[in-house]
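What you see is a predicted model, and the numbers here were worked out from it, not measured in a lab.
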Amino acid sequence: MNAEKYTRNYFMPPVQSMKWTQKEYIEKAPIWCSVDLRDGNQALVVPMSLEDKLEFFQFLVKIGFKEIEVGFPAASETEYAFTRALIERNLIPDDVTIQVLTQSREHIIRKTFEALRGAKNAVVHLYNSTSVAQREQVFRKSKEEIIDIAVSGAELLKKFRAETEGNFRFEYSPESFTGTEMDFALEICNRVLDVWQPTQEDPVIINLPVTVSLSMPHIYASQVEYMSDHLKYRDHVIISLHPHNDRGCAVADAEMGLLAGGQRVEGTLFGNGERTGNVDIVTLALNMFSQGVDPGLDFTNIPEVTANYEKYTGMHVYERQPYGGKLVFAAFSGSHQDAIAKGMKWREEKECKYWTVPYLPIDPKDIGREYDGDVIRINSQSGKGGIGYLLEQKYGFDLPPKMREHFGYAVKGVSDHEHKELMPDEVYEIFVKQYVNLTTPICLQQYQFSGEDDCLVSVSITVNGESKVFKGTGNGRLDAASNALQQGLGISYTNLQYKEHALSVGSQSQAAAYVGITDTEGLTYWGTGIHHDIMTASVMALISAVNQMYAKNGK
């Protein structure tokens, strides 16, 4: 690989300043502008239809976007018709501003304003390329000629605004800003601002796009800070950021750019856009949310956002896409699952105000995800903690620690053998099949306690279909039943372990009991009983454990 073919083709500001590095975090959300319907749409293999764009627009409004770039009306009839449909069908809420893109050419600007006629609130976004590469290779024009293109476009916007019904604000982008000399980028922006003369009542947006990402994010932040410090009419200028993701740095570019003076971000859901895409507004907004900053967008139902995005764009949200991907909260590793389960228990015990659960930067439930299906995922890499946590959270079974370990190996064995992830219902099925109310070869028929403290018992069972009645005594009811079974069946075990709890509440509630026994070789067997009567559940759990031992020893 010939690295000498490449060089660093970006430009540092002539005045070195990195005041933005002294800021710790973004204190408030920027103005969000969705460009899904323009930048995102023009990047699709099959662009959206008119009706798809109308539905997607309404969904973006539902999320909470107050500025939405709807298209390039002069580029195609669909784009033009879409803009007209939004206005004529009165689909734009009073607090939402639409935005359209235009080149600095008179016939394109004229058609743009025709498309916008009657708009309550609209931003007309003017752009022209300013980078060295574009000036030299594409336009073959001097700096002054490039400035003339921008200035003439700015003048035309003023002219057509005066002639067109509606309420319009202006935006200017020095396209390919990151490949432009900073003093020249500043000069061309200030020349445009001189034409528009922004005021408090009529502010102007200066958009600084990372049209192509050429540097590490701190370079872009320094460029933004330079522009913020030196633009004319600064109090009446809104600095907007529009990062693309060529180097995988779009989110970092936006975050650092906001620290450096950016006030507005143009981006798309899940980063859809040309080449590697735009900045992902979902990631950017939820990064802020994870640090206690309200992003001002409603991402409480990420599965719905994902489904609509995939429906309208035909694109797929990658499984590891931050926040939105199906696997981003998933823990397969046993140690990760154990840490998450313990972290969740810690929250319950301590009534924690702040979210600090290991491995989970935010609470999945805050964005519409579920613990059992999205967080604890079961395969051959899973551990007892995660498997036990899943069984407890989804089905209410709180297994003793040693039984969790035993069950964990059983589940991992099935997953490993079948080479697949196991769904919660499959885990539950393994649990029931292996432990719960087992009736082969021993099946409980009935039992009766008597004597002082109910320490005498008569247990009626069938063994391989043959009826038997065993009697026994003990220092408690379960111990008495255990002794009756050992004596009657001629078996021996020690270390009787027991746990019980309610599975539900109310008159129809059931209880769960867990019993562990250890044979003469030191192997432990577990059984679970479920019944509305806790004693019956306990005896059934004991018999289930004995059945396990019988099966192991070939009885």
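- For the pair Arg135 and Phe184, the cation-pi criterion (under 6.0 Å, within 45° of the ring axis) is fulfilled.
- Remark: side-chain polar atoms of Thr102 are not paired, donor with acceptor, to backbone N or O of Val124 under 3.5 angstrom.
- Electrostatic pairing of Glu266 and Arg264 counts as a salt bridge here, judged by a charged N lying under 4.0 Å from a carboxylate O.
- Atom OG1 of residue Thr97 and atom CD of residue Glu67 lie 5.5 Å apart, to the nearest 0.5 angstrom.
- The nearest pair of heavy atoms linking Asn128 to Ala150 is OD1-CB, 3.5 Å.
- Electrostatic pairing of Lys53 and Asp36 does not count as a salt bridge here, judged by no charged N lying under 4.0 Å from a carboxylate O.
- Side-chain atoms of Asn207 and Ser173 include a donor-acceptor pair closer than 3.5 Å.
- Rounded to the nearest 0.5 angstrom, Lys159 NZ and Phe113 CZ are separated by 10.0 Å.
- Here the side chains of Val328 and Arg369 are in contact, with some heavy-atom distance below 4.5 Å.
- With contacts defined as side-chain heavy-atom distances shorter than 4.5 Å, the pair Met48/Leu44 qualifies.
- Between Val293 and Glu27 the shortest side-chain heavy-atom distance does not fall below 4.5 Å.
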Derivation and outcome, side-chain contact (heavy atoms from CB on, under 4.5 Å), residues Ser104 and Ser152: CA-CA 7 Å; Ser104 183; Ser152 64; 3.8 Å; yes
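- Shortest non-hydrogen contact noted between Pro198 and Val204 is CB-CG2, 3.7 Å.
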Glu114 vs Arg84, salt bridge (charged side-chain N to carboxylate O under 4.0 Å, His left out): CA-CA, chis, key distance, verdict: CA-CA 9 Å; Glu114 288 174 2; Arg84 291 308 309 155; over 6 Å; no
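- A donor atom on one side chain and an acceptor atom on the other are found under 3.5 Å apart for Ser176 and Ser131.
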side-chain contact (heavy atoms from CB on, under 4.5 Å) assessment of Val15 paired with Tyr226: CA-CA 7 Å; Val15 178; Tyr226 172 75; 4.2 Å; yes
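- Ring geometry for Phe82 versus Phe57: interplanar angle over 60°, hence perpendicular rather than tilted (30 to 60°).
- Residues Tyr127 and Gln103 have side chains that bring a donor and an acceptor to within less than 3.5 angstrom of each other.
- Expressed to the nearest 0.5 Å, how far CG of Leu297 lies from NZ of Lys62 amounts to 14.0 Å.
- Using modelled atom types and a 3.5 Å distance limit, the side chains of Gln223 and Tyr10 yield no donor-acceptor pair.
- Taking CD1 from Ile378 and CD from Glu426, the interatomic distance works out to 11.0 Å, rounded to the nearest 0.5 Å.
- Salt-bridge formation is detected for the pair Arg275/Asp246: a Lys NZ or Arg NE/NH1/NH2 atom is positioned less than 4.0 Å from an Asp or Glu carboxylate oxygen.
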Verdict with reasoning, Gln42 to Glu274, per side chain to side chain donor-acceptor pair (under 3.5 Å): CA-CA 8 Å; Gln42 74 184 37; Glu274 304 239 32; 2.5 Å; yes
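- For the pair Glu165 and Lys120, the salt-bridge criterion is not met [side-chain N within less than 4.0 Å of a carboxylate O].
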Could you list the donor-acceptor pairs under 3.5 angstrom formed by side chains in residues 247-261, with sequence neighbours left out?
from: Arg247; atom 1: NE; to: Ser215; atom 2: O; distance (Å): 3.0
from: Glu255; atom 1: OE2; to: Asn287; atom 2: ND2; distance (Å): 3.1

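- A salt bridge between Glu77 and Lys111 is present, with a side-chain N of the basic residue lying under 4.0 Å from a carboxylate O of the acidic one.
- Shortest non-hydrogen contact noted between Leu91 and Ala85 is CD1-O, 4.3 Å.
- Under a cut-off of 6.0 angstrom, the local environment of CZ in Arg105 is sparse, with at most 12 non-hydrogen atoms contributed by other residues, nucleotides or ligands.
- Applying the side-chain hydrogen bond (donor to acceptor under 3.5 Å, both in side chains) test between Tyr233 and each of Asp194, Asn190, Thr199 identifies Asp194 as the sole match.
- By the 6.0 Å contact criterion, CD on Gln200 is open, its count of non-hydrogen atoms from other residues, nucleotides or ligands being 12 or less.
- Gln291 contributes atom CD, which lies 12.0 Å from atom CD1 of Ile362 (distance to the nearest 0.5 angstrom).
- Both tests do not hold together for Arg110 against Phe160: distance to the six-membered ring centre under 6.0 Å, angle to the ring axis within 45°.
- No side-chain heavy atom of Ile367 sits less than 4.5 Å from a side-chain heavy atom of Thr300.
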side-chain contact (heavy atoms from CB on, under 4.5 Å) between Tyr309 and Asn272, intermediate numbers included: CA-CA 10 Å; Tyr309 166 83; Asn272 181 39; 3.4 Å; yes
Salt bridge (charged side-chain N to carboxylate O under 4.0 Å, His left out) assessment of Arg161 paired with Asp202: CA-CA 13 Å; Arg161 175 167 72 173; Asp202 184 25; 3.3 Å; yes
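- The aromatic ring centroids of Trp32 and Phe65 lie 6.0 Å or more from each other.
- No side-chain heavy atom of Thr211 sits under 4.5 Å from any side-chain heavy atom of His244.
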Donor-acceptor pairs under 3.5 Å, side chain of residues 69-76 to any protein atom, not counting sequence neighbours: which ones?
from: Glu69; atom 1: OE1; to: Arg38; atom 2: NE; distance (Å): 2.6
from: Glu69; atom 1: OE1; to: Arg38; atom 2: NH2; distance (Å): 3.1
from: Glu69; atom 1: OE2; to: Gln99; atom 2: NE2; distance (Å): 2.6
from: Glu69; atom 1: OE2; to: His125; atom 2: ND1; distance (Å): 3.2
from: Ser76; atom 1: OG; to: Glu79; atom 2: N; distance (Å): 3.2

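- At least one side-chain heavy atom of Phe59 sits under 4.5 Å from a side-chain heavy atom of Val305.
- No side-chain heavy atom of Ser335 sits less than 4.5 Å from a side-chain heavy atom of Asp338.
- Annotation: the span from Leu193 atom CG to Leu186 atom CG amounts to 9.5 Å, rounded to 0.5 Å.
- Counted within 6.0 Å of NZ on Lys345, heavy atoms from surrounding residues, nucleotides or ligands total 12 or fewer; the atom is thus considered open.
- In this structure, the side chains of Lys66 and Asp95 come closer than 4.5 Å at one or more pairs of heavy atoms.
- Cation-pi check for Lys350 over Trp346 is met; the charged atom lies under 6.0 angstrom from the ring centroid and within 45 degrees of its normal.
- The 12-atom threshold is exceeded at CD of Glu144, counting heavy atoms of other residues, nucleotides or ligands nearer than 6.0 Å.
- Between Tyr312 and Phe56, the ring planes lie parallel to each other; the angle is under 30°, not in the 30° to 60° tilted range.
- Residues Ser142 and Glu145 bring a donor and an acceptor atom of their side chains to less than 3.5 Å of each other.
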Stepwise side-chain contact (heavy atoms from CB on, under 4.5 Å) check, Tyr80 with Thr112: CA-CA 8 Å; Tyr80 184 93; Thr112 299; over 6 Å; no
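- For Asp229 and Lys19, the salt-bridge test passes: some basic side-chain N is under 4.0 Å from an acidic carboxylate O.
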Taking distance alone, no hydrogens or angles, what donor-acceptor pairs closer than 3.5 Å link side-chain atoms of residues 277-284 to residues at least two apart or in another chain?
from: Asn278; atom 1: ND2; to: Asp39; atom 2: OD2; distance (Å): 3.1
from: Asn278; atom 1: ND2; to: His242; atom 2: NE2; distance (Å): 3.3
from: Asp280; atom 1: OD1; to: Phe270; atom 2: N; distance (Å): 2.9
from: Asp280; atom 1: OD1; to: Val282; atom 2: N; distance (Å): 2.9
from: Asp280; atom 1: OD1; to: Thr283; atom 2: N; distance (Å): 3.4
from: Asp280; atom 1: OD2; to: Thr283; atom 2: OG1; distance (Å): 2.5
from: Asp280; atom 1: OD2; to: Gln321; atom 2: NE2; distance (Å): 2.9

